[in-house]
Each structure stands twice: as C-alpha cells, then as structure tokens.
Amino acid sequence: MFINYLVQSFLELEVKLRFYLLDVSYEIHGGVPTILLWGVSDDGRRILIVDKSFRPYFYVILREEVDEYGVLSKIKILSRGDSPITSTEVGYKKYYGKPVKVVKITTVKPEAVRDYRELVKKLKDVVDVVEADIRFSMRYVLDSDVPPCQWYEAEVEPLEGVSGYRVNSMYGLAGRLRPLDRTVPPRLRILALDIEVYNPRGAVDPSRDPVIVISLATSDGDLKLLTASEGSPPQDRDLVKEFINYVLAYDPDIVVGYNSNKFDLPYLVERASKLGLSLDIGRVRGGIPRPSVHGHYSIPGRLHVDIYNFAEEIPEIKIKSLDTVADYLGVMKKSERTLIPGHEIHAYWDDRSKRGLLLNYAKDDVVSTLRLSEKFIPFAMQLSSLTGLPLDQVGAASVGYRLEWYLMRSAVKMGELIPNRLEREYEPYKGAVVLEPKKGVHSNVAVLDFTSMYPNIMVKYNIGPDTYVEGECENHYKIPGTNYCFRKDPPGFYKSVLETLLRLRRVVREEMKKYPLGSPEHLILDERQRALKILANASYGYMGWVGARWYFKPGAEAVTAIGRDTIKKAISLAENLGLEVIYGDTDSLFISNRPEVSKFIEEVMKVLELEIKVDKVYKRVFFTEAKKRYVGILDDGRIDIVGFEAVRGDWSEIAKEVQENVAKIVLETGDTKKATDYVRSVVLELKQQKIPLEKLVIWKTLTKSLDEYEVNAPHVTAAKKMIGLGFKVEKGDKIGYVITRGQTPISSRAAPYFMAKLSDIDVDYYVKHQIVPAAMRILEYFGVSEKQLEAISKAGKTLFDFK
DNA sequence: AACCAGGCTTC
DNA sequence: GACGTGCCTGGTT
C-alpha cells in the first residue's frame, strides 16, 4: 500500500507551470483526439501541453413533453464504428433565454459529430440539433474558458521522449488552467518574411516561376536576404532549403507577412512541392502550412499573422500597398525606401547592375512588415484573448465573426445554447435618419454626438431575440413607429453581453490610469479598451447581418427606429432652447454653439437618458444641399472635409487637391477670385503637361470578377487591358487607370496608368470631368457659375495650343 | 431617365 | 472568409 503510493507520486511528478498561451490545436492520436496547448513558459521555454481528456459533443433539443428515454434509446442505437457515442446526458439548457430539455451527445472523433448530427436530426421528438458546427479546438477554448494570448498557471506532468514536436518541453495536463493576472506578454520571437518571384510574363505561377529573393527580418534584429542561384530561369531549390533551415534555427513564435495568406505562404508551399521539397517549417514535424479558416494560411505550431488583414481595416488608407501603409503609419517613409514596379522585378534580377536595388526593395518590404507587425500585434493579442480566436486567425476573421466568437464565449458562460448558422434570405430594413442640411456657411457650430448610441439603445430597451414581444405592449418597452415590444426583465442576451463589454471597458480604462503613459501596461490596456469598444460597436450591425447566429431583424429595426426617434426628440429639445439645428446624421447634431448647449446636454441626459457630448466645434462649416457632405474649419485651422470628392478614393489626386484647396481658400478668406485663379493655374499646368501622371490616376475596386460585369465601366476595361498584358487581376483588386485621348466612350479610353504617358492624356476629360466638377461643387455656392469655370478652360485653349 | 457600380459613413 | 443602412455621383444603356 505504502509502496504503491510512493510509486504513484513518483510517476506523476506534477509540477506547476506558468505560461503564456499562444495557440490551441488538436491532433488525433491512436484514434483519440488530443488537444495541443502551445505556449511560452515564464522562464522563456517554448512548451507544448497535451490534454487527452476532452471529447467532442453536441446538443439535441427535445420536445418538452417527450419521454426522453425513448429518444435516448434511439440515439444509442445510432452509435457505431471507431467513434461510438460514449455518453448521452439529459439536462436543461437555455435557448434564447427559455429553458429547453436537451441531450448532450458525446463521441470520440470530432469528424463524427457531423455524421451523428444528420442522423439525430431525423429522429422523432427532436426539435433541433445545435452546437454541432464548432471546430474542436475552439470547443475546447469555449468550454475550458482558455482564450489564447493570456497567462495561465496549471499543474502538468513532464512528458519525456516524445518526438515529432519542435518545442523545448512537453507536458501532460494534470489539472485545469487558471488565468493569471499578468498584463504584459513574454518576449516573443517574430519573423517577418517577404518573397520576390521571377515574373517575366506578368502573372506568376509557382509551378513555373522561381522565387528569387526571400527577405527575412526578426524581432531580435537579424536581417537576411536569401537569393536564388544563377541560371535561366534562376534556380531556387537551395534558396527554399536555406529558408526552411533559417526558420527552424530561429524558431519564431510568430511569422508575419504582408498579404502572405494569399501570396507568400501558399506560393512557397507549392513551389517547395514542385521542387521536390517539403516546406516543413512548423513546430509539428512534417506539418506543412495549409489553408485554414477565414482565408487564413496556418503554420502548425506557429502563429502566422498576415499584416495586410489589419491594413484592410484602416479606411483612411485608400491603396493598401505595403509602401503606402508603412508610410501612412510612420513606419517607413516612401521617400526613404526603394520601390520597384511589380511587373519589372524580373528585369531587376536579370540586370546585374540593378540587382542591388531589388535587394534593397526586398529589405525595405520585410523591414516595414516587421515594424507594422509591432504596431498591430498588441491589438490583435487583445482581440484574441477576448474572442478566443487564435492570434493568427483573429486578423483574418471579419468584424462579424470576431464579435460572434465573443458572443459564443459569453453564451457558454451563461448556459445559453449557441444557435446554428443558417442560410437566410437578405431582407432590407429601414436605417438611420439624415437631416436636410441648411446650406451655406455657418459660423461657430458645435457637433454633438450621442456616445455609443446603438449599443446604449440595445441595453436601455433590452433589445434582442429573447426579449421580443409582438403586439401587446403593456409593461414592455414599446418601439415607436413599429409594433415591436421588448420585455423589461430579465435582461436579454445582447443586453447582458453589452453591459459586460461596457463595464469591462470602464474597468480597463480605470486600470490604465495606474500606469505611466508609454509603459507596456498602459499600451496594452489601451489596446484592450479599444478592442472592447470595437466589439460593442459591432453589436447592432451584427444583429442585422443575415449570416449571424444571433441574427434578429426586428431587433435591428427597433434599434434604428429608436435612434430616429431619439434624434428627433433631441432636435425639439434644442429648438425649444432657441438653438439652431443645422444638420444631423444618425447620432450626431450640428448646433449653433451658444451657452445654451450645456443646458441642452443636460436635458438630453435627463429626458432621453442617453449621453450626448460635444465632439468638436467648427469655426466655420459649409454645406451644400447634399447630405453627408460638408467642409468645416476647426479652431486650430485644420480643415475637415467629409463626403466630398476630396476624401474619396475614386477621384484623381489632382481633382481632390483642387477641391481641398478651393474649400480652404473660400472658407478661410471668402475670396472667390483667388479660388478661381487657383483653379485656372492648375488647368494651365495640366495643359502644359506639368502635372505628373500619378496625380491623374483614378483608382477603383473590382467588386466582382471581371466576367461578371454587365457594363463596360472604365476600371473594368482598364482591368481587361491588364489581363491582356499577362497580369493577374482579381476581384477585390484596385485598378488604377487614366483616361487617354480619343473620340470613343470614356470607358474604352481608360488605360492602366503604367501603360500611359503624359502625352496620351485626355486633358479635356480631366478638366471637364474631374477638376471643374470638383471645384464647382464648392464654388457654385459662392456665386461662381459653371460658365465662369468653362471660360477658364476655353481661355486655356487659346493661350496654349495644346491639341 | 433608369440602371449599375463604387465609395463613404464614426469612435 | 459577409456587421448594418443612407446617400451621392459618374458612366453606360
């Protein structure tokens, strides 16, 4: 007995481990699923903890009055093969807030869940089958409440002699993971990569075109430029081998790239396979990178983060090329880097005198990628720990899915069943109100915004699918302009989740104050509060999204209805105080900035029970009769242009520049002569070919694949010309084109910008369709007529014989 | 004139 | 790898 005890404790050798969780994945070992917890211990070791105790399951909702034993026996009969049904537990869960009788069906292999779901669905007395569409590793994160990018503590047993994993230590999990109260992650090894491909034919193809440069930069300051061997075409077998060796030697936790989900990684994998190699760069031996969810490409055991995903979310950046994004975020100035036109890369390789430039370009790309990753990863980590999505997937997942994972984590904690994702027909519904602006120039205008209007409405009126009542509205929240009502009590799912999100955000912001500005803690907590805010603000749009698990159209309609009602009531409050309302959109009001504004704010809080704040004050603001467009000048002299061509990505730079300057001149000085003179000078420059071609490029996105277009829009014909040149053009690509001279319709004269010379440009088009309309949009409200501006272009013609 | 397409909206 | 609606504009048909 005593000896037995000794032997046992000796074998177990439990130790307590503190570690930062990077990722959760699973493998099947001996027919049994094994959860793999990848992490970094607090002493800096790369560790892997395995948990063999977790099994896949799903829920069956039964009819309330049914005798469950009959159903249970029918379910048990279905058990078969190498993944039998190992248990069926009857219990109660909440489904949209109401208790339902469920059977939890557990099996062995995750893949078997789908098969059992289909069989069980057909049984009599089964209302629905839910939670059968959740990936096994995410199921583990949900149930054990172990989101990545957090510190944990756990009892583990060391595992010796396990091969197949490239980690410092392996353990078996002996207890539960307990979260630790630590904010700052450990020092992680980040490897940035970028590849250049030999592309004499334009579009590249991994089965044909070799990789010529792989540039690598690490968070430890190493920089490597690996190159192909000479030959025609160049030989890249050794290059790929060198790359694999480099990755294995550096052993990064995070691999970052720019558009590497769609390009670098899949290209390298295919190229390696073509060369008879295997891109075995993960922490699982033999586990090569593969496509995963949300368009993400995953490297087993490492986190592959595509920085492009984060750049995509910055609407201020119109063209999301690496150099533009790096420049915008202050990571690398365009003027201080080497740039090579994408289609000429092969020429820079072939010409030895230019090869240095190619290497510089590759270096600048990889260094800017690494620096961008340092900007984005702290935020991504916070999103990961909130949503439970691994760091490398959270960037690729859209806003809707991020919130959905947060909701799923909340549902599990609340004992709520997770609804299925359903195919639904899209149904439009009424949105926000936009007021008719009072046109002209207004001085001293305050812009007031309701803070987080939609989330606050959802909380205040307890809006959601589980609180919905149609028709009778006694003791309920009645939604004006609809026949919808929502129960006051108990709080519904959305309300509970949103209150938690908003409360957490307040807590984090308080916590932030304890740390000095610029400290790692402050930075991380700031990213956390930002992530919380983004999740809360996505809730209304999510509820109105047909793809959402918690889709609820009447709820979304109710939110906008209350929003419209609220803003109307706020307008009367303002007007009763003698304040002039100049404009308003959704949750904002432009009001004459007078002392009564503070009274107005108080009244809104008191009467409407929603918070409204002064967001900014315009010294002067200018409206046309158009909604959603205005130009304002702030106290510090900064110009704010909203909605106009000047801030749109689909107008030429020259037209935008002219419009912005015209607005500036007119708002600052009121001098229309000065403005028209300025427009004239630009038109003349254009006619003299003094305006660089880049300023004439118009960028438009292909929102579908080329063959789906029914019309010959300019960017569509330009894209077709690019295809003719051997370029790969896909849905989602931004096409940059210029309009060239000729008599045919405009679209037929659109040419990819890099194909055109300044002398090809249709100056007339740029004057009549770009510069003049952009300028007139402002000037016509200051008494300048179209004819006056047309005179400008005519004057130009006589002065300069440009045709 | 009706349409299609694209872009921007807010903190 | 789909969060919502409202609104404006240009170009084609």
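Excluded from the calculations below are hydrogen atoms, water molecules and symmetry mates; all remaining heavy atoms, backbone and side chain alike, are included. Order of the sequence lines sets the chain letters (A, B, ...), proteins ahead of strands, with each chain counted from 1.
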Step through it carefully: locate the ring centre of [X], locate the ring centre of [Y], and say whether they are under 6.0 Å apart.
X      : Y      : value
A:Y468 : A:F552 : yes
A:Y477 : A:Y484 : no
A:Y737 : A:W699 : no

Which part of the nucleic acid, if any, lies within reach of A:G541 when heavy atoms closer than 4.0 Å are counted: base, sugar-phosphate only, or nothing?
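Since a base atom lies under 4.0 Å of A:G541, the category is base.
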Taking any heavy-atom pair under 4.0 Å as a contact, classify A:Y426: base, sugar-phosphate, or nothing.
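The residue A:Y426 makes sugar-phosphate contact but no base contact.
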Residue pairs passing the salt bridge (charged side-chain N to carboxylate O under 4.0 Å, His left out) test where at least one lies in [range], sequence neighbours excluded:
range                       : result
residues 492-507 of chain A : none
residues 538-549 of chain A : A:D133-A:R549, A:E404-A:R549
residues 638-652 of chain A : A:K616-A:D640, A:R629-A:E645, A:D636-A:R638, A:E645-A:R777, A:R648-A:D650

Check whether any side-chain nitrogen or oxygen of A:S588 sits under 4.0 Å from OP1 or OP2 of B:dT10, and answer yes or no.
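So the side-chain polar atoms of A:S588 never come under 4.0 Å of the phosphate oxygens OP1 or OP2 of B:dT10.
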Any A:K704 side-chain N or O less than 4.0 Å from OP1/OP2 of B:dA5:
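For B:dA5, OP1/OP2 do have a side-chain N/O of A:K704 under 4.0 Å.
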Do the side chain of A:R749 and the main chain of A:T744 share a donor and acceptor less than 3.5 angstrom apart?
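Flag set: sc A:R749 to bb A:T744 pair under 3.5 Å.
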Whole-Å distance separating the [atom1] atom of [X] from the [atom2] atom of [N]:
X      : N      : atom1 : atom2 : value
A:E611 : B:dC11 : CD    : P     : 13 Å
A:D615 : B:dT9  : CG    : C1'   : 14 Å
A:K430 : C:dG6  : NZ    : C1'   : 11 Å
A:D640 : B:dT9  : CG    : P     : 11 Å
A:W545 : C:dC3  : CH2   : P     : 6 Å
A:K734 : B:dA5  : NZ    : P     : 17 Å
A:R564 : C:dG4  : CZ    : P     : 17 Å
A:D650 : B:dG7  : CG    : C1'   : 5 Å

Passing candidate, ring-ring contact (aromatic ring centres under 6.0 Å, His included) with A:W545, options A:W550, A:Y401, A:Y551:
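With A:W545 as partner, ring-ring contact (aromatic ring centres under 6.0 Å, His included) holds for just one option, A:Y401.
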Given A:Y630, which of A:F644, A:Y781, A:F590 fulfils the ring-ring contact (aromatic ring centres under 6.0 Å, His included) condition?
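Going through the options one by one, the only one that passes is A:F590.
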A:V642, nearest nucleotide to its side chain (from C:dG6, B:dT9, C:dC3):
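It is B:dT9.
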Each nucleotide in nucleotides 8-13 of chain C should get exactly one letter: B, S or -. Can you fill that in based on protein heavy atoms under 4.0 Å?
SSSSSS
At a heavy-atom distance below 4.0 Å, what parts of residues 528-539 of chain A sit against DNA chain C?
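Those residues are A:A538.
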Any residue of residues 401-411 of chain A with a heavy atom less than 4.0 Å from an atom of DNA chain C:
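DNA chain C contact set from residues 401-411 of chain A: A:Y401.
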A side-chain contact here means heavy atoms from C-beta on lying under 4.5 Å apart; do A:L589 and A:F600 qualify?
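Yes, their side chains come closer than 4.5 Å.
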Could you state the interatomic distance from CG (A:L142) to CD1 (A:I418), rounded to the nearest 0.5 Å?
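Output value for this atom pair is 5.5 Å.
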